[in-house]
Amino acid sequence: MFDVAIVGGGPVGMLLAAELGLQGVRPLVLERLAMPSGESKAGTLHARTAQSLDRRGLLDLVGRSSRGSVSFHFSGMFGLDLGAVVEEGASIVGSPQAWAEQVFARQAAALGAEIRRGQEVTGLVQDDERVVLTVNGRELAARYVVGADGARSVVRRAAGIPFTGTQARVAALMGDVRLLDPYGVPPGYTRTPRGWIIVWLDPAGHSRLITYDFRAPHPDRQAPVTLAELKEAAERILGRPVPMAEPRNLSRYGDAALQAETYRAGRVLLAGDAAHVHFPWGGQGLNTGLEDAFNLGWKLAAQVHGHAPDGLLDTYHAERHPVGARVLWNVRAQTALADPDPSVDPLRELFAELMRFDDVNEYLSGMISGVHTAYDVGVPGAGRMAVDMVLKIPEGAGPPVRLVELLRAGRPLLLDLAGRDDLVAVAEGWADRVDVVRAAADHPAEALLIRPDGYVAWTSEAAGHPLRDALVRWFGPSAQNDSAPNDSARNDSAQTR
């Protein structure tokens, strides 16, 4: 029996496999496709995802980073500066989804994950001890299963998890085509009274072309897209001929905004599009899914190893469900603003003016880029990602090191920045699970407790909140404590909400 089976070998599933492997768990990845499709529906990684990848040493592998000022849009209105809210590292990363998936798959395999392709999961049943999957007509058992199998997740449906929200009212088409008059089509985002056309132009090759039709959703979401259908939609929206040929990667989708009511049902968990789907404004979907994986990986590994404190695995839903809900909220707002009806023009004009204010730019850019993500960890001043800093190690103990480099092993870290022998002594009981580093740095706190996903679990600035309480809450009882960690039977028996 496998400890963890991940259904879905896209970028989210592969990154989760890598995160589990980093924690010493060897997961099984079950992917329906016999070979990677090579199709990239997304190509943007935002700042928070870039920061998380930097903490694993993967950032330079996934794409090209842009730092400093970066112009971005909200509902197709360019006026945001993503760089204005980024305290460290890349403001945005150009990373074709298919390439990122390969990077994560190689990392997962190197860390011991078993990847099986051509494996179609058609159902599951679970009890207090395991989950039994039906895979290619045969049964396969695992202690835990994670559904990372997309918007039409078999895992989510089989686990009986409701997927609720608003249904589609927009019909979108997408494809890569050779434009026969490439300079006769406006590049970028174009809104007309008849809809939207978005073009990533490649005059010498295939251009990515997308159309948004607000008249009605697709009557048949599963129907194949033809070149003639895409061409007709583009010409209707632009009001002139758009000759094109050599189509590939044609697809259709809508603006349904749906979210799983719970990200955990007993031994079954959800991540990525299996947990939340929405219109692709701002490329937030893939980023939200990857951050799901960073949040879940270390918690699920602790559960498998048997040293997870009571309720740790449930914090995955508690922390990530509100983040997903907020993404769906801002995407719905962008879709409402994008309505092509001319009556919406004054609202868009007003919104464009508001985006010029620094406070509005910071609010929207922080939302889109994910850098404003914070978790309620029960400690004032904690819950945000620990900002990278240069740490000066005591003389003779080593050269200066960046904080992100210390997090690449995926272990919790107590950072002592003020010679706090008392705090170091407290952490000794968790030496098997928590690393201690003593250094000097330009930081207001004397000490920080940092989770494996890079978020601050405790800070010395929070008076009345002992370090010991935070260590127990996130990493279980001390090894010196007579009470053993919660036994796996009690940990594993959490029921569906």
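Please read all numbers here as calculations on a predicted model, not as lab measurements.
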To the closest 0.5 Å, what do you measure between [atom1] ([X]) and [atom2] ([Y])?
X: R194; Y: L238; atom1: CZ; atom2: CG; value: 8.0 Å
X: Y189; Y: W200; atom1: OH; atom2: CH2; value: 4.5 Å
X: H278; Y: Q334; atom1: NE2; atom2: CD; value: 10.0 Å
X: Q107; Y: M14; atom1: CD; atom2: CE; value: 12.5 Å
X: L269; Y: T262; atom1: CG; atom2: OG1; value: 8.5 Å
X: L53; Y: L15; atom1: CG; atom2: CG; value: 6.5 Å

**Message:** Which label fits Y455 and Y375: parallel for a plane angle under 30°, tilted from 30 to 60°, or perpendicular past 60°?
**Reply:**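 Rings of Y455 and Y375: tilted, as their planes differ by 30° to 60°.
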**Asked** For the residue pair W281 and H73, does the interplanar ring angle fall in the parallel (under 30°), tilted (30 to 60°) or perpendicular (over 60°) class?
**Response**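 Plane angle over 60°, so perpendicular.
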Looking only at non-hydrogen atoms, find the nearest pair between [X] and [Y] and report the distance.
X: V12; Y: A148; value: CG1-CB, 4.4 Å
X: G83; Y: S91; value: CA-OG, 3.4 Å
X: A233; Y: L173; value: CB-CD1, 3.9 Å
X: D314; Y: R264; value: OD1-NH1, 2.9 Å
X: L250; Y: V225; value: CD1-O, 3.4 Å
X: M77; Y: M355; value: O-CE, 3.2 Å

**Asked** Does a side chain donor of either D81 or N361 reach within less than 3.5 Å of an acceptor in the other side chain?
**Response**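 Distance-only check fails for D81 and N361.
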**Asked** Under 3.5 Å, is there a donor-acceptor pair linking the side chains of N249 and H206?
**Response**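 No, no side-chain donor-acceptor pair sits under 3.5 Å.
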Going by heavy atoms in the side chains, are [X] and [Y] under 4.5 Å from each other?
X: L209; Y: L179; value: yes
X: L328; Y: H276; value: yes
X: R236; Y: R215; value: yes
X: R157; Y: V154; value: yes
X: P412; Y: P452; value: yes
X: Y263; Y: L296; value: no
X: R152; Y: D273; value: no
X: T164; Y: E261; value: yes

**Item:** Test side chain to side chain contact (heavy atoms under 4.5 Å, CB included) applied to L415 and L391, step by step
**Value:** CA-CA 10 Å; L415 191 59; L391 302 171; 3.8 Å; yes
What do you reckon, is [atom1] of [X] surrounded by more than 12 foreign heavy atoms closer than 6.0 Å?
X: D181; atom1: CG; result: yes
X: D341; atom1: CG; result: yes
X: D442; atom1: CG; result: no
X: R402; atom1: CZ; result: yes
X: Q222; atom1: CD; result: yes
X: D376; atom1: CG; result: no

**Item:** Salt-bridge present (K299, E319; N to O < 4.0 Å)
**Value:**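 Counted as a salt bridge, because a side-chain N and a carboxylate O are separated by less than 4.0 Å.
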Mark yes or no for whether [X], through its side chain, and [Y], through its backbone, hold a donor-acceptor pair below 3.5 Å.
X: Q23; Y: G410; result: yes
X: R332; Y: A257; result: yes
X: R320; Y: T288; result: yes
X: R451; Y: A457; result: no
X: D388; Y: L403; result: yes
X: Q119; Y: R117; result: yes
X: R191; Y: D339; result: yes
X: R267; Y: V145; result: no
X: R348; Y: L337; result: yes
X: S207; Y: L201; result: no

**Prompt:** Passes side chain to side chain contact (heavy atoms under 4.5 Å, CB included), L140 versus L28? Steps please.
**Reply:** CA-CA 11 Å; L140 182 150; L28 170 67; 3.6 Å; yes
**Request:** Evaluate the criterion salt bridge (Lys or Arg N to Asp or Glu O under 4.0 Å) for residue pair D3 and R26; output intermediate values, then yes/no.
**Result:** CA-CA 7 Å; D3 284 325; R26 300 182 62 183; over 6 Å; no
**Item:** W298 and E19: CA distance, side-chain angles, deciding distance, side chain to side chain contact (heavy atoms under 4.5 Å, CB included) verdict
**Value:** CA-CA 7 Å; W298 67 276; E19 285 293 288; 5.8 Å; no
**Request:** Determine, stepwise, if the pair D54 / R408 fulfils salt bridge (Lys or Arg N to Asp or Glu O under 4.0 Å).
**Result:** CA-CA 8 Å; D54 195 15; R408 287 178 179 164; 3.0 Å; yes
**Prompt:** With a distance cut-off below 6.0 Å to the six-membered ring centre and an angular limit of 45° from the axis, does R156 pair with F163 as a cation-pi contact?
**Reply:**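 Judged by the rule, R156 and F163 form a cation-pi pair.
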**Request:** Please assess L290 against F104 for the test side chain to side chain contact (heavy atoms under 4.5 Å, CB included), listing each intermediate value before the final yes or no.
**Result:** CA-CA 11 Å; L290 295 177; F104 302 149; 3.8 Å; yes
**Request:** Give the intermediate values and the outcome of salt bridge (Lys or Arg N to Asp or Glu O under 4.0 Å) for residues E101 and K41.
**Result:** CA-CA 12 Å; E101 179 183 311; K41 293 183 178 180; over 6 Å; no
